[in-house]
Chemist: 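Please see the structure below; I have some questions.
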There are 2 protein chains.
Amino acid sequence: MPITIADVAARAKVSKTTVSRVLNGKGELDESTAARVRAVIDELGYVPSARAVNLARGRTRVVGMLVPSLTWPWMGEVLQGAVDVLEAEEYGLLLFTCNRGDDSMRQFAAQVAAKSFDGLLVIEPEGTLDYIKTLHHRGLPMVLIDDRDQLSGEQIPTVGTTNHSGAADAARHLLEIGRHKPLVITGPSRFGCTVQRTDGFTSVFAEAGHPIPAEHVVLGDFTRAAGVEGVREAIAAGRDFDAVFCHNDLCAFGAVQAILDSGRRVPEDVAVVGFDDIPMAGHHQPPLSTVHQPMREMGEAAARTLLAHFDGTPLPNRPTVIPATFTVRASTQA
Amino acid sequence: MPITIADVAARAKVSKTTVSRVLNGKGELDESTAARVRAVIDELGYVPSARAVNLARGRTRVVGMLVPSLTWPWMGEVLQGAVDVLEAEEYGLLLFTCNRGDDSMRQFAAQVAAKSFDGLLVIEPEGTLDYIKTLHHRGLPMVLIDDRDQLSGEQIPTVGTTNHSGAADAARHLLEIGRHKPLVITGPSRFGCTVQRTDGFTSVFAEAGHPIPAEHVVLGDFTRAAGVEGVREAIAAGRDFDAVFCHNDLCAFGAVQAILDSGRRVPEDVAVVGFDDIPMAGHHQPPLSTVHQPMREMGEAAARTLLAHFDGTPLPNRPTVIPATFTVRASTQA
DNA sequence: CTGAAAGCGCTTACAG
DNA sequence: CTGAAAGCGCTTACAG
């Protein structure tokens with residue numbers, strides 16, 4: 001028999017209204033009355049039922065988070081950032097993934113319709129952007145954490161990073177260590193981040209007087225296999241390259257392997273740079289130079305933006321950008 | 001102005017009770033009435049408010065999950081397993097971490113007291129076992145996902161794996177490939193899993209007539225650095241070893257590095273085996289032979305056990321054990 | 001400074 | 001087969 005506000009009121013000989021007031025610190029109330037009520041609350045160990053408070057207030061103090069999958073290497077960082085911020089503000093995080101495809105989305109949609117949470121953080125599962133936009137237009141407060149897509153002309157609040165300048169930094173670093181003939185292994189071309197990373201990287205080389213020939217930019221898909229294949233094919237085709245820039249770390253791991261397998265050394269013969277800076281990057285052999293994506297900070301920023309909106313701050317209409325930073329390790333420097 | 005059950009009732013010219021009945025499929029009701037109500041529900045796009053249903057029913061259809069941190073290499077797997085099962089049963093997953101220490105636990109405790117969820121899945125954050133036990137005794141339905149601790153004599157429902165026989169399998173494999181002088185780098189000795197892994201491994205070697213000397217079992221802490229240090233010190237001390245068994249993969253990565261740094265080859269001179277089989281294990285150079293912990297299956301099993309309990313199945317009083325399996329890769333086989 | 005009453009949006013005996 | 005009413009446990013005008 002859980003105790004309720006009525007029990008507290010009876011024991012303290014006041015109305016439920018008064019108990020509610022001391023609970024929420026609203027309205028003027030006699031200090032001695034308040035003290036008495038507080039004593040009873042402590043004595044009974046009373047805690048208001050979240051379910052009742054939620055219904056009465058019309059909110060849940062819960063934020064939903066939709067992500068494609070939980071097993072991606074950097075997903076834990078984003079989640080941890082979001083959870084830390086939400087938790088500190090006494091919000092809960094209700095987690096949704098798209099792992100089971102359409103059925104997952106159906107369940108998610110049901111929870112949205114039932115108003116199980118007050119707002120949404122989302123890393124867009126591929127192919128769900130239209131649906132997400134619909135929810136946004138219907139008035140669901142949300143913040144997108146955008147690691148891949150370029151949402152041209154879209155006004156959904158977004159937290160992103162600097163794909164273009166991160167890639168440019170990687171290019172400058174390679175130029176500095178004297179590499180002029182890089183191979184680039186990209187992500188899928190449908191992603192905005194792929195376009196930006198390619199552009200940022202190639203434009204720096206072009207400006208430096210070392211334009212990258214089209215055959216040196218090979219299409220990948222963010223997998224380790226893409227790194228292996230990209231390097232192998234370049235070698236088989238007789239291409240001359242002294243560096244590889246991969247659009248993510250997993251791909252870079254594959255590139256390193258293919259380079260070593262071919263009898264070349266990393267970084268002496270070929271320097272390798274990744275993108276993401278997943279936890280394993282520094283543990284890899286050799287440790288991987290890479291563009292650090294601030295995933296945790298992005299998760300934090302997204303959560304903070306959403307909470308600020310609940311408190312009345314208007315959602316920003318331009319993306320919040322947290323800079324990516326280049327991290328030098330042994331895969332580019334002996 | 002969200003539409004409510006009253007709107008549906010009015011439009012269908014029935015009582016809220018009747019609408020509730022067609023919603024929940026309870027009680028006998030005229031098929032034509034039901035059809036009419038369903039039509040109105042569709043027409044209005046009505047979905048019952050989760051908040052109101054929760055209060056009326058006294059449950060939330062939400063399961064809490066408490067984990068130490070979201071950034072551990074295998075955490076995503078456990079979470080994904082749990083989420084997939086919960087989602088399929090239309091349950092939500094409310095995520096809690098212990099990342100901010102005592103403050104985190106305070107927030108968590110507040111949510112427990114407020115009954116924000118119906119049951120709990122927990123990977124015990126170090127030092128919180130007494131608190132968890134208290135919650136269990138107070139009647140909070142829970143299932144422990146036990147990757148480290150041995151809860152001797154404890155009756156909290158648990159899902160675990162076979163640490164002892166997994167380590168024994170690793171030992172047998174090393175014997176099969178002719179290694180008789182392994183080095184063991186353990187986890188912290190306060191963990192039950194450390195004790196079991198050490199015991200499973202050393203007893204197989206002892207039975208095979210190759211007892212492992214005490215100096216060959218070095219205390220580690222599950223970090224990469226422990227692997228590096230353990231191997232370096234063994235080499236410095238002039239120990240003769242032809243294999244290393246590490247109590248987790250991260251540590252094994254470090255061991256591999258230290259071995260290579262010393263001019264030795266893996267696996268020709270020293271074979272290396274890890275434990276966990278984190279996603280990177282197969283991507284490592286060389287790919288790591290390791291004991292596979294079925295983290296995703298453990299997450300699934302824990303969730304299923306909890307849901308079954310909600311449906312009336314008594315919680316099992318002995319641990320659910322999902323076997324660990326040995327996975328051979330290049331770090332033990334050239 | 002305090003309380004009675006209505007309301008949040010459902011579910012569920014109870015009665016017919 | 002169907003509905004009026006009470007109840008879930010709070011919050012919040014409104015009145016005093």
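In the text below, chain A, chain B and the rest are named by the order of the sequence lines, each starting its count at 1.
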Chemist: Atom CG of L29(B) to atom C1' of dG3(D): distance rounded to whole Å?
Modeler: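 My rounded result for the distance is 13 Å.
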Chemist: Tell me the partner of dC1(D), counting only Watson-Crick (N1-N3 plus N6-O4 or O6-N4) or G-U wobble (N1-O2 and O6-N3) with both under 3.5 Å; none if nothing fits.
Modeler: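 Answer to the pairing question: dG16(C), which forms a Watson-Crick or G-U pair with dC1(D).
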Chemist: Give the B/S/- string for nucleotides 8-15 of chain D, one per nucleotide from 5' to 3', where a protein heavy atom under 4.0 Å of the base yields B, of only the sugar-phosphate yields S, and otherwise -.
Modeler: BBBSBBB-
Chemist: Can you tell me if T18(A) touches the phosphate of dG3(C), counting only side-chain N or O atoms and a distance under 4.0 Å to OP1 or OP2?
Modeler: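 Checking dG3(C) against T18(A), a side-chain N or O does come within under 4.0 Å of OP1 or OP2.
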Chemist: In chain order, what residues pass the salt bridge (charged side-chain N to carboxylate O under 4.0 Å, His left out) check against R59(A), with sequence neighbours excluded?
Modeler: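 Testing R59(A) for salt bridge (charged side-chain N to carboxylate O under 4.0 Å, His left out), a comparison that skips the adjacent residues, returns none.
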Chemist: What pairs of residues pass the salt bridge (charged side-chain N to carboxylate O under 4.0 Å, His left out) test when at least one of them lies in residues 62-78 of chain B, not counting sequence neighbours?
Modeler: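 Of all non-adjacent pairs touching residues 62-78 of chain B, those that pass salt bridge (charged side-chain N to carboxylate O under 4.0 Å, His left out) are E77(B)-R296(B).
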Chemist: Give the intermediate values and the outcome of ring-ring contact (aromatic ring centres under 6.0 Å, His included) for residues Y91(B) and F117(B).
Modeler: CA-CA 10 Å; Y91(B) 269 78; F117(B) 43 81; over 10 Å; no
Chemist: State which residue, out of I41(A), V53(A), V19(A), fulfils the side-chain contact (heavy atoms from CB on, under 4.5 Å) condition with I5(A).
Modeler: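 Testing I5(A) for a side-chain contact (heavy atoms from CB on, under 4.5 Å) against I41(A), V53(A), V19(A) leaves exactly one candidate, V19(A).
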Chemist: Can you confirm whether the side chains of D146(B) and T158(B) place a donor and an acceptor under 3.5 Å from each other?
Modeler: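 Distance-only check fails for D146(B) and T158(B).
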